[in-house]
Amino acid sequence: MESFKTMIKLKLIYIKNSKTKYIQDFENDLINRMKNLIDIKMVPISHKKKFSSNDELINYEGELMKKELQDNSSFYCFDKKGDKLSSEHFSELIFSQNQTMHLIIGGAYGICKNLKMKANKIISFSDMEFSHEVFRLMALEQIYRAKCIYTNHPYHQN
């Protein structure tokens, strides 16, 4: 068997909404499939505060997300206005990391501009919008696909 480089560490930081059981089962299955090469830590962020504007909400969520980042850590935001990457390029991005990679999924109204401006890259999967649960699954599936590309597993050819 081919030997691969050190375990990749990845944190998926997201604003938590309700988490349904069937979504959690899918998430756990994908995470379990990657555990031999990618150590994924799911970091849900929730709050109960009410805000008078969407901008206040976005900025508050941005501050909560920043607390999950270590100083000088690389992080990438998902936003529909970001760069579209092929699965192969996404795999290269993940496996080129030499420190913990942070991926950020914003709340219902997106990610604050301040956080997006500091991101290493803003990544888009589509011009469409998705529910939090569906997007998290899509992100995990693409991370799993990245692993399969890296290890030359046939899943990517399907």
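This one's a predicted model, so the numbers in the text were calculated from it and none came from an experiment.
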Can you name the closest pair of heavy atoms from [X] and [Y] and give their distance?
X	Y	result
C112	G62	SG-CA, 3.8 Å
E56	S52	OE2-OG, 2.9 Å
G106	H132	O-NE2, 3.3 Å
I111	F78	CD1-O, 3.5 Å

If you measure from [atom1] on [X] to [atom2] on [Y], what distance do you get to the nearest 0.5 Å?
X	Y	atom1	atom2	value
L30	Y144	CG	OH	8.0 Å
D79	S124	CG	OG	7.5 Å
N120	C77	CG	SG	9.0 Å
I105	M65	CD1	CE	8.5 Å
I104	K66	CD1	NZ	10.0 Å
K11	T100	NZ	OG1	7.0 Å

Does a side-chain heavy-atom distance below 4.5 Å link [X] with [Y]?
X	Y	value
R136	E27	yes
E141	Y155	yes
K147	I94	no
I123	L93	yes
I13	L69	yes
Q97	Y76	yes
Q142	L85	no

Side chains of residues 37-51: which donor-acceptor pairs under 3.5 Å do they make with residues two or more places apart or in other chains?
unit_1 : atom_1 : unit_2 : atom_2 : d
H47    : NE2    : E61    : OE2    : 3.3

Common cluster, [X]/[Y], ILVMFWY with side-chain heavy-atom separation under 4.5 Å:
X	Y	answer
M128	V134	yes
L103	I15	no
M101	F125	yes
L115	L57	yes

Report the C-alpha separation of I58 and K113 in whole Å, then their side-chain angles, then the decisive distance to 0.1 Å, and conclude whether the side-chain contact (heavy atoms from CB on, under 4.5 Å) test is met.
-> CA-CA 9 Å; I58 291 168; K113 290 177 187 170; over 6 Å; no
Just by modelled atom types, is the [Y] backbone N or O under 3.5 Å from a matching donor or acceptor in the [X] side chain?
X	Y	value
E68	L64	no
H102	S74	yes
N32	N28	no
N59	D55	yes

Whether F130 and F135 hold their rings parallel, tilted or perpendicular, with breakpoints at 30° and 60° = tilted
Parallel, tilted or perpendicular, as decided by the 30° and 60° cut-offs, for the rings of Y150 and F95 | parallel
Check against side-chain contact (heavy atoms from CB on, under 4.5 Å), I149 and F90 = CA-CA 10 Å; I149 291 168; F90 189 59; over 6 Å; no
Does NZ belonging to K9 count more than 12 external heavy atoms closer than 6.0 Å?
-> no
Going by the side chain to side chain donor-acceptor pair (under 3.5 Å) test, name the single residue among S87, S86, S91 that passes it with H89.
-> S86
